[in-house]
Amino acid sequence: NVRAPAIPGETFRLEKRFPFTKREGTFFGIGITMTNPFNRHNAYISSTDVTSSQFGALLAGGGGRTVQLDGRIEF
């Protein structure tokens with residue numbers, strides 16, 4: 001078996017709810033979701049074929065930081 005390095009991943013979510021009207025159960029919410037907030041680059045193995053010249057070579061990859069802002073009305 002060939003194992004690659006561990007791939008760390010974090011996702012953070014912050015949300016705040018505000019009463020929208022005096023009626024019970026109606027809220028306005030605003031939130032933000034951050035994926036890969038520390039902007040880590042993940043390493044992966046390019047080939048697991050023993051006869052390949054790239055066998056076991058570690059390559060850097062992975063996406064960058066992603067931030068999503070959202071709003072919602074709950075009723």
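- Atom CZ of Arg72 has 12 or fewer heavy atoms from other residues, nucleotides or ligands within 6.0 Å.
- Few gaps surround CZ on Phe12; more than 12 heavy atoms of other groups in view lie less than 6.0 Å from it.
- Here the CE atom belonging to Met34 is positioned 11.5 Å from the CG atom belonging to Leu69, to the nearest 0.5 angstrom.
- Heavy-atom neighbours of Phe75 CZ from other residues, nucleotides or ligands within 6.0 Å: at or below the threshold of 12.
- Using a 4.5 Å heavy-atom cutoff, the side chains of Ile32 and Lys16 are not in contact.
- Taking each heavy atom of Glu10 and Pro37 in turn, the nearest pair found is O-CD, 3.6 Å.
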Inset, instruction - Output, in order, the C-alpha distance, side-chain angles, deciding distance and verdict of side chain to side chain contact (heavy atoms under 4.5 Å, CB included) for Asn36 and Thr66. - result: CA-CA 7 Å; Asn36 194 11; Thr66 304; over 6 Å; no
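- No path of Ile, Leu, Val, Met, Phe, Trp and Tyr side chains, each step under 4.5 Å between heavy atoms, connects Phe27 with Ile30, placing them in separate hydrophobic clusters.
- Ring orientation note: the planes of Phe18 and Phe28 are close to parallel, at an angle under 30° on the 30°/60° scale.
- Expressed to the nearest 0.5 Å, how far CZ of Arg65 lies from CZ of Arg40 amounts to 12.0 Å.
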Inset, instruction - Evaluate the criterion salt bridge (Lys or Arg N to Asp or Glu O under 4.0 Å) for residue pair Glu15 and Arg17; output intermediate values, then yes/no. - result: CA-CA 7 Å; Glu15 185 175 359; Arg17 291 174 52 184; 5.8 Å; no
